[in-house]
Amino acid sequence: VAIWLTLAFGGVGVLLRTARMFLDSDAEQKDAVLWERRFMMLQIALGIIWGLLFFLHPIVGQDGVFSVLVFSGAMVLMGSFVIISPNLKYGAMLAAFPIVAVTVSRLAMTGTMAALGMALVLAGACFFFQRVGDLTRNAYIDFLGSKAERDQLIMELEASRSISDEARRR
């Protein structure tokens, strides 16, 4: 677990450093496709690191009882990936995929109906959280569009006002 914790802190550190590099770079140097690819790869790496934790943690206990901690932890992580990466189209899905793949495969190996049901819920939740991320991103893009439209209308109103003031002065 200590090795995993080191990997997790290292992954988050690399993500934060990359975000700082993005913010510090000039606007002319920012290639959107390149930066999006970098952030997507970092999301995949973080998902793999979290997937390792779920691989190391026992899903079924000694008595055959399913560990609810793994299931709820995977759900919380998928929700947090939506919050962390709202601007990446498939960021939440890419980050959550390793976690879901490991957890669903380990649950399917147990063969109990409860484990299979939880595996299906977990797989469905992955698509649900992706949809929530899409809706959040689209709402933000619509907000930016209406804000730009409003600013354009204000600029046109100011220009019309200055033209009418000039005409009155003549």
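Source: prediction; values computed, not measured.
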### Task
Give a yes or no on whether the backbone of L94 and the side-chain of Q43 come within a donor-acceptor separation of less than 3.5 Å.
no
### Message
For V102, is there any backbone N or O sitting under 3.5 Å from a side-chain donor or acceptor partner on S105?
### Response
yes
### Query
Around I3, counting heavy atoms of other residues, nucleotides and ligands shown, do more than 12 lie under 6.0 Å from its CD1?
no
Which atom names give the shortest non-hydrogen contact between [X] and [Y], and what distance separates them?
X    : Y    : answer
A74  : I99  : CB-CG2, 3.9 Å
S25  : W35  : OG-CZ2, 4.4 Å
S162 : A159 : OG-O, 2.8 Å
A96  : C126 : CB-SG, 4.1 Å
I49  : L7   : CD1-O, 3.4 Å

### Partners meeting side chain to side chain donor-acceptor pair (under 3.5 Å) with D31 (sequence neighbours left out)
none
#### Entry: side chain to side chain donor-acceptor pair (under 3.5 Å) against E149, all qualifying residues, sequence neighbours excluded
none
Is [X] linked to [Y] within one hydrophobic cluster, defined over Ile, Leu, Val, Met, Phe, Trp and Tyr using a side-chain heavy-atom separation of less than 4.5 Å?
X   : Y    : result
L15 : F97  : no
L23 : L42  : yes
F22 : V14  : yes
M75 : L116 : no
F39 : M41  : yes

Once rounded to the nearest 0.5 Å, what's the spacing between atom [atom1] of [X] and atom [atom2] of [Y]?
X    : Y    : atom1 : atom2 : result
T103 : W50  : OG1   : CH2   : 12.0 Å
F129 : L77  : CZ    : CG    : 10.0 Å
Y140 : K147 : OH    : NZ    : 8.0 Å
M21  : R17  : CE    : CZ    : 6.0 Å
R150 : L157 : CZ    : CG    : 13.0 Å

### Stepwise side chain to side chain contact (heavy atoms under 4.5 Å, CB included) test for V100 and M78
CA-CA 9 Å; V100 172; M78 283 192 290; 3.6 Å; yes
### Task
Test F128 against V132 for side chain to side chain contact (heavy atoms under 4.5 Å, CB included), laying out the working first.
CA-CA 6 Å; F128 169 75; V132 167; 3.6 Å; yes
### Task
For residues 120-134, pull every pair meeting salt bridge (charged side-chain N to carboxylate O under 4.0 Å, His left out), keeping only residues two or more places apart or in separate chains.
D134-R137
### Query
Looking at side-chain heavy atoms only, is the closest gap between F9 and V12 below 4.5 Å?
no
### Message
Between M93 and F127, does the side chain to side chain contact (heavy atoms under 4.5 Å, CB included) criterion hold? Intermediate values first, please.
### Response
CA-CA 7 Å; M93 183 73 87; F127 292 106; 3.5 Å; yes
